[in-house]
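If you read the sequence from its start, that first residue is 1, and numbering goes on from there.
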Amino acid sequence: SSGINAEWPLRPGTMLGVRLFYQPKDKFEAGKAGLVISAGAMIKQFATFLGSKKYFAGDYITGTDFLVFETIDKYTVLEPTIIEDENLKNFMQRIRDLPTMNKYFTDPNSTRSWILNNKMAAFK
């Protein structure tokens, strides 16, 4: 099958959705709902692991926090309501509120408006 569905297993290291992003637009649209379900499950795992901690390693920010942020942020572009858990919403806001990150997200000249994937992708 060329699409991703809810039964598609989540495996560490899997680049969830990349194959679907580069399908023709009609196949991307047909598989998008399944991808959102799969990504939502992955995001739920992040929320569970985060628990009541401020950052993924505890009280101090690490590089891992930025990697998780970037991963989740990409899926919020695909589906803005994909984060359901308050602890993860708060984590995302804490990262966005860091001075350099805040500048990135508010500066109209930042690369934030650039496409996420190659121009050939259905999901840019």
Side-chain angles (χ1 to χ4, degrees):
S1 163
S2 63
I4 295 174
N5 60 42
E7 290 79 38
W8 191 61
L10 293 173
R11 294 179 295 259
T14 300
M15 294 176 61
L16 190 61
V18 171
R19 184 173 167 196
L20 182 62
F21 297 158
Y22 285 87
Q23 295 293 319
K25 189 152 182 74
D26 61 327
K27 287 188 179 187
F28 167 75
E29 291 300 331
K32 181 180 172 184
L35 174 61
V36 168
I37 290 168
S38 294
M42 176 189 65
I43 289 169
K44 182 71 168 171
Q45 290 175 344
F46 284 136
T48 299
F49 184 84
L50 180 63
S52 61
K53 297 184 299 280
K54 188 174 180 180
Y55 299 106
F56 280 87
D59 290 334
Y60 301 99
I61 196 166
T62 67
T64 299
D65 295 298
F66 292 100
L67 294 172
V68 172
F69 176 88
E70 180 184 18
T71 299
I72 295 170
D73 187 58
K74 184 172 192 171
Y75 291 107
T76 64
V77 173
L78 181 67
E79 175 53 56
T81 62
I82 201 161
I83 304 172
E84 297 177 353
D85 297 273
E86 285 301 313
N87 67 331
L88 204 52
K89 289 178 183 178
N90 293 337
F91 163 80
M92 296 294 285
Q93 192 59 54
R94 270 192 295 282
I95 299 294
R96 282 178 178 268
D97 287 344
L98 295 169
T100 302
M101 294 295 284
N102 183 274
K103 182 178 180 193
Y104 170 74
F105 281 100
T106 59
D107 183 350
N109 296 316
S110 79
T111 60
R112 176 72 178 159
S113 62
W114 291 11
I115 62 174
L116 296 173
N117 296 302
N118 187 294
K119 62 184 178 181
M120 297 178 301
F123 173 60
K124 295 176 179 56

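Under the salt bridge (Lys or Arg N to Asp or Glu O under 4.0 Å) criterion, E70 pairs with no residue at all, not counting sequence neighbours.
Taking CG of N102 as the reference point, atom CG of D107 lies at 10.5 Å (rounded to 0.5 Å). I43 CD1 to I82 CD1: the interatomic distance, rounded to the nearest 0.5 Å, is 4.0 Å. To the nearest 0.5 angstrom, M92 atom CE is 11.0 Å from L50 atom CG. Note: I72 CD1 to K89 NZ = 12.5 Å, rounded to the nearest 0.5 Å. One finds the CZ atom of R96 at 10.5 Å from the OG1 atom of T106 (value rounded to the nearest 0.5 Å). Here K32 contributes atom NZ and K25 contributes atom NZ; the two are 8.0 Å apart, rounded to the nearest 0.5 Å.
Side-chain atoms of T76 come within 3.5 Å of backbone N or O of D73 as a donor-acceptor pair. Under a 3.5 Å cut-off, the side chain of D85 and the backbone N or O of T48 do not form any donor-acceptor pair. Side-chain atoms of N90 do not come within 3.5 Å of backbone N or O of N87 as any donor-acceptor pair.
L98 and L67 fall into different hydrophobic clusters, defined by Ile, Leu, Val, Met, Phe, Trp and Tyr side-chain heavy atoms under 4.5 Å apart, directly or through other members. When hydrophobic clusters are built by joining Ile, Leu, Val, Met, Phe, Trp and Tyr residues whose side-chain heavy atoms come closer than 4.5 Å, directly or via intermediates, L88 is grouped together with F49.
Between I61 and F66 there is a side-chain heavy-atom pair separated by less than 4.5 Å. Residues M42 and T71 form a side-chain contact, since some pair of their non-hydrogen atoms from C-beta on lies under 4.5 Å apart. F91 is listed as a side-chain neighbour of Y55, based on a closest heavy-atom distance under 4.5 Å.
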side-chain contact (heavy atoms from CB on, under 4.5 Å), that's the test. Do F56 and T62 meet it? Break it down for me. CA-CA 8 Å; F56 280 87; T62 67; 5.7 Å; no
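Across K54 and R94, no two heavy atoms sit closer than the pair O-NH2, 2.8 Å.
The aromatic rings of F105 and F69 sit perpendicular to each other, their planes meeting at more than 60°, with 30° as the lower class boundary.
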